Participant: 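Got a structure here, written out as structure tokens. Questions coming.
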Amino acid sequence: MASKADRFYFENFIAAAEESCRAAEYLVECLTNYEPDAIGVMLEKMHAMEHAADKKKHEMSTSLAKAFVTPIDREDLAELSQNIDEVTDKIEDVLLRLYCNNVQSIRPDALKLSEVVIRACEEAKNMVREFADFKHSKLLHEHIVHINTLEEEADRV
């Protein structure tokens, strides 16, 4: 398990992944109850979620800039933080594209795909929860495999 001093990094990853999960759930809500005239309101709420995720990434960057010793390479910590934030950014991008392309209705397969996104975000959150104990975790590999399986499912949809 991570030492007390290192706990911040792993807790930050979990909090950032939770932001991705919230954004994914909101995306499904938006797509399920899609009203083109309300896209501005949807974008404002989604942007607030994306901004919360950005704050987690900035907290990580600030901590890494001050840290003398980190539990794993600081570049790896920064990259993982960036990748988790990128998930939330891409979820927000879906609503931005609906707005920019003036989409008037949502296809059923888009709803199916957004459901897969929720499951992938949840699995990523479960994975980063295991990450603090990466040296001894018996589940970390399972989470990675499951995320890859969800990616394949999304490709099929």
Side-chain angles (χ1 to χ4, degrees), residues 1-31 39-40 42-101 110 112-157:
M1 189 53 138
S3 72
K4 206 176 212 181
D6 294 339
R7 220 172 266 145
F8 163 80
Y9 301 105
F10 302 107
E11 289 172 358
N12 181 279
F13 291 145
I14 294 166
E18 287 171 346
E19 294 298 337
S20 294
C21 289
R22 274 192 277 284
E25 289 167 6
Y26 184 62
L27 177 63
V28 169
E29 180 183 323
C30 290
L31 296 179
I39 191 74
M42 289 184 253
L43 276 169
E44 283 181 32
K45 187 172 178 182
M46 181 65 81
H47 185 69
M49 292 177 192
E50 188 275 331
H51 183 67
D54 282 344
K55 280 180 68 174
K56 293 297 165 197
K57 183 178 75 171
H58 296 308
E59 289 171 7
M60 178 66 74
S61 296
T62 300
S63 181
L64 288 172
K66 295 177 182 177
F68 183 68
V69 176
T70 58
I72 59 176
D73 289 340
R74 78 181 60 245
E75 294 82 12
D76 292 338
L77 291 168
E79 184 177 3
L80 182 54
S81 179
Q82 175 63 37
N83 288 340
I84 294 170
D85 179 63
E86 191 73 20
V87 171
T88 310
D89 291 346
K90 295 301 181 188
I91 292 169
E92 180 187 33
D93 285 351
V94 173
L95 286 184
L96 286 168
R97 286 179 181 263
L98 294 176
Y99 172 75
C100 289
N101 295 323
K112 288 180 187 174
L113 184 58
S114 63
E115 293 287 343
V116 176
V117 171
I118 285 179
R119 294 189 348 251
C121 286
E122 288 294 329
E123 192 63 31
K125 181 175 65 175
N126 293 335
M127 181 186 68
V128 295
R129 280 193 173 123
E130 273 300 301
F131 193 52
D133 193 34
F134 68 93
K135 290 181 182 176
H136 303 104
S137 174
K138 295 184 182 355
L139 298 175
L140 194 57
H141 185 266
E142 281 181 39
H143 292 302
I144 294 167
V145 169
H146 193 227
I147 289 170
N148 287 333
T149 302
L150 289 168
E151 179 188 6
E152 291 168 6
E153 181 180 341
D155 288 344
R156 283 189 303 273
V157 171

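This one's a predicted model, so the numbers in the text were calculated from it and none came from an experiment.
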Participant: Please check if the number of heavy atoms outside Gln82 that lie under 6.0 Å from its CD is greater than 12.
Facilitator: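 Yes, the 6.0 Å shell around CD holds more than 12 heavy atoms from other groups.
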
Participant: Restricting to non-hydrogen atoms, name the atom on Ile72 and the atom on Asp76 that form the minimum distance, rounded to 0.1 Å.
Facilitator: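 Here Ile72 and Asp76 meet closest at CD1-CB, 4.2 Å.
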
Participant: Salt-bridge test for Glu19 and Arg22: reply yes if a basic N is under 4.0 Å from a carboxylate O, no otherwise.
Facilitator: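 Salt bridge between Glu19 and Arg22, a charged N being under 4.0 Å from a carboxylate O: yes.
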
Participant: For Phe8, is there any backbone N or O sitting under 3.5 Å from a side-chain donor or acceptor partner on Asn12?
Facilitator: no

Participant: I'd like to check His141 versus Glu130 (side-chain heavy atoms, cut-off strictly below 4.5 Å). Are they in contact?
Facilitator: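 No, too far: nothing below the 4.5 Å cut-off.
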
Participant: When rounded to the nearest 0.5 angstrom, what is the spacing between CG in Leu96 and CE in Met42?
Facilitator: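 Nearest 0.5 Å value for the CG-CE distance: 12.0 Å.
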
Participant: For the atom pair CE (Met127) and CD1 (Ile14), what is the distance rounded to the nearest 0.5 Å?
Facilitator: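 Spacing of CE (Met127) from CD1 (Ile14) equals 11.0 Å.
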
Participant: I want to check something: taking the side chain as every heavy atom from C-beta on, are Lys90 and Glu86 in contact at a cut-off of under 4.5 Å?
Facilitator: yes

Participant: If I compare all heavy atoms of Leu113 with all of Val157, which pair ends up nearest, and what's the gap?
Facilitator: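 Closest pair (atom of Leu113, atom of Val157, distance): N-CG1, 3.8 Å.
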
Participant: What's the shortest heavy-atom distance between Met60 and Tyr9, and which atoms?
Facilitator: SD-CD2, 3.4 Å

Participant: Show your working on side chain to side chain contact (heavy atoms under 4.5 Å, CB included) between His47 and Glu50 and close with a plain yes or no.
Facilitator: CA-CA 5 Å; His47 185 69; Glu50 188 275 331; 3.6 Å; yes

Participant: Just do the side chain to side chain contact (heavy atoms under 4.5 Å, CB included) check on Leu98 and Leu31 with the steps written out, would you?
Facilitator: CA-CA 10 Å; Leu98 294 176; Leu31 296 179; 3.6 Å; yes

Participant: Indicate the atoms forming the closest heavy-atom contact of Ile84 with Ala17, along with that distance.
Facilitator: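 That would be CG2-N, 3.7 Å.
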
Participant: Which pair of non-hydrogen atoms, one from Phe13 and one from Ser81, has the smallest distance, and what is that distance?
Facilitator: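 For Phe13 and Ser81, the tightest heavy-atom pair comes out as CE2-N, 3.7 Å.
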
Participant: Is Lys125 salt-bridged to Glu122, going by a charged N under 4.0 Å from an acidic O?
Facilitator: yes

Participant: So do the side chains of Asp85 and Asp54 get within less than 4.5 Å of each other, counting heavy atoms only?
Facilitator: yes

Participant: Could you go step by step and tell me if Phe10 and Asp133 meet the side chain to side chain contact (heavy atoms under 4.5 Å, CB included) rule?
Facilitator: CA-CA 10 Å; Phe10 302 107; Asp133 193 34; over 6 Å; no

Participant: Determine whether more than 12 heavy atoms belonging to other residues, nucleotides or ligands lie under 6.0 Å from atom OH of Tyr99.
Facilitator: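 No, because the 6.0 Å sphere around OH of Tyr99 holds 12 heavy atoms or fewer from other groups.
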
Participant: From Leu27 CG over to Glu115 CD, what is the distance, rounded to the nearest 0.5 angstrom?
Facilitator: 9.5 Å

Participant: I want to check something: taking the side chain as every heavy atom from C-beta on, are Pro71 and Leu77 in contact at a cut-off of under 4.5 Å?
Facilitator: yes

Participant: What is the distance from atom OH of Tyr26 to atom NZ of Lys45, rounded to the nearest 0.5 Å?
Facilitator: 5.0 Å

Participant: Any ion pair linking Arg129 and Glu18 (charged N to carboxylate O, less than 4.0 Å)?
Facilitator: yes

Participant: Given Thr88 and Glu92, is the side chain to side chain contact (heavy atoms under 4.5 Å, CB included) satisfied, shown in steps?
Facilitator: CA-CA 6 Å; Thr88 310; Glu92 180 187 33; 5.9 Å; no

Participant: May I ask you to say whether Arg119 pairs ionically with Glu123, meaning some side-chain N is under 4.0 Å from a carboxylate O?
Facilitator: no

Participant: So that I can tick it off, tell me whether Glu59 and Lys56 are bridged by a salt bridge, with the cut-off set at under 4.0 angstrom between side-chain N and carboxylate O.
Facilitator: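 Result for this pair is yes, salt bridge flagged.
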
Participant: As an exercise, state the distance from CD of Glu142 to NE2 of His146, rounded to the nearest 0.5 Å.
Facilitator: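 Interatomic distance, Glu142 CD to His146 NE2, rounded to 0.5 Å: 10.0 Å.
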
Participant: Using a 4.5 Å cut-off on heavy atoms from C-beta on, say whether the side chain of Ile91 contacts that of Cys121.
Facilitator: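 They are in side-chain contact.
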
Participant: State, with a plain yes or no, whether a side-chain heavy atom of Leu80 is found less than 4.5 Å away from one of Phe131.
Facilitator: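 Yes, at least one pair of side-chain atoms sits under 4.5 Å.
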
Participant: Specify the closest pair of heavy atoms between Ala67 and Arg74, including all atoms of both residues, with the distance to one decimal.
Facilitator: O-NH2, 3.0 Å

